[in-house]
Amino acid sequence: GAGVSQSPSNKVTEKGKDVELRCDPISGHTALYWYRQSLGQGLEFLIYFQGNSAPDKSGLPSDRFSAERTGGSVSTLTIQRTQQEDSAVYLCASSFGGNEQFFGPGTRLTVL
Amino acid sequence: AQRVTQPEKLLSVFKGAPVELKCNYSYSGSPELFWYVQYSRQRLQLLLRHISRESIKGFTADLNKGETSFHLKKPFAQEEDSAMYYCALSEGNTPLVFGKGTRLSVIA
């Protein structure tokens, strides 16, 4: 079946604008994760959803970042008032239980 | 605190030579260790995990709890092994903690 999909694949925005990044996990996967991949920092955890539990937001770098997961499926990561240091590739992953995390292709965000 | 260290940013080896990508971790519980690989213009994918004790594409990794290491090894490197390799740990279905990655370049 289809893997994890993300949209858009690329996003260029101006400093101060808000952006929304979308993730469609693999159907039936209960856990959904957002990571950020940037030069020099590697892969950093942002936020994690597991079933109907409250999300683990401990990795969000500031209150400009938020995420939702509607109906236990699609997730949206929102970055408000974007800054140049937000430029990175944002990766989404999903898993079923404690099994392998499957990654999407990522959204490359460039903040000018 | 959980931490994964990959000391080499770049590792270059000749085709047919052995390769070892180093990974050390610090964690107080009983983590599960993984190696993920990202080939050029492809998504991040799981290469192997320590509990499965498999050999994937000729790669193996042994968890050494005494040395808190999980080094990735292959006896004979191939050009198609050139990629970015990330060591990671988690416990159960918690988020992965990644190292900063090692870029492996296999020279023909």
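In this text, all values refer to a predicted model and were calculated from it rather than measured experimentally. Each chain gets a letter, A, B and so on, in the order its sequence line appears, and its residues count up from 1.
Of the atoms belonging to B/Thr94, it is backbone heavy atoms, and not side-chain ones, that fall under 4.5 Å from chain A. Within the 4.5 angstrom heavy-atom criterion, only side-chain atoms of A/Gln37, from C-beta onward, approach chain B.
Looking at B/Tyr36 and A/Gln101, their side chains come closer than 4.5 Å, going by heavy atoms from C-beta outward. A/Leu43 has its side chain within reach of B/Leu44: a pair of non-hydrogen atoms, C-beta onward, lies under 4.5 Å apart.
Note on A/Val89: it clusters hydrophobically with B/Phe98, by side-chain heavy-atom contacts below 4.5 Å among ILVMFWY residues. Under the 4.5 Å side-chain heavy-atom criterion for grouping Ile, Leu, Val, Met, Phe, Trp and Tyr, B/Met84 is connected to A/Leu91 within one hydrophobic cluster. Under a hydrophobic-cluster definition in which Ile, Leu, Val, Met, Phe, Trp and Tyr are linked whenever side-chain heavy atoms come within less than 4.5 Å, directly or via other members, A/Phe45 and A/Leu60 are assigned to different clusters. At a threshold of 4.5 Å between side-chain heavy atoms, the hydrophobic network of Ile, Leu, Val, Met, Phe, Trp and Tyr places A/Phe102 and B/Leu89 in two separate groups. Under a hydrophobic-cluster definition in which Ile, Leu, Val, Met, Phe, Trp and Tyr are linked whenever side-chain heavy atoms come within less than 4.5 Å, directly or via other members, B/Val97 and B/Leu63 are assigned to the same cluster.
In terms of heavy-atom pairs under 4.5 Å with chain B, the best-connected choice from A/Pro105, A/Gly42, A/Gly106 is A/Pro105.
Atoms CG and CZ, on B/Leu46 and A/Phe103 in that order, are 9.5 Å from each other to the nearest 0.5 Å. For the atom pair SG (A/Cys92) and CZ (B/Arg43), the distance works out to 10.0 Å, reported to the nearest 0.5 Å.
Looking at every heavy atom in both residues, B/Arg49 comes nearest to A/Glu100 through NH1-N, 3.6 Å.
Crowding of B/Gln78 atom CD: a count of heavy atoms from other residues, nucleotides or ligands under 6.0 Å exceeding 12. Atom OH of B/Tyr39 is surrounded by more than 12 heavy atoms from other residues, nucleotides or ligands within 6.0 Å. The environment of B/Ile51 atom CD1 is dense: over 12 non-hydrogen atoms of other residues, nucleotides or ligands sit within 6.0 angstrom. At most 12 non-hydrogen atoms from other residues, nucleotides or ligands lie less than 6.0 angstrom from CD of A/Glu14.
Proximity to chain B among residues 25-35 of chain A is limited to A/Tyr33, A/Tyr35, judged by heavy-atom separations below 4.5 angstrom. The interface of residues 3-13 of chain B with chain A, defined by heavy-atom distances below 4.5 Å, is empty.
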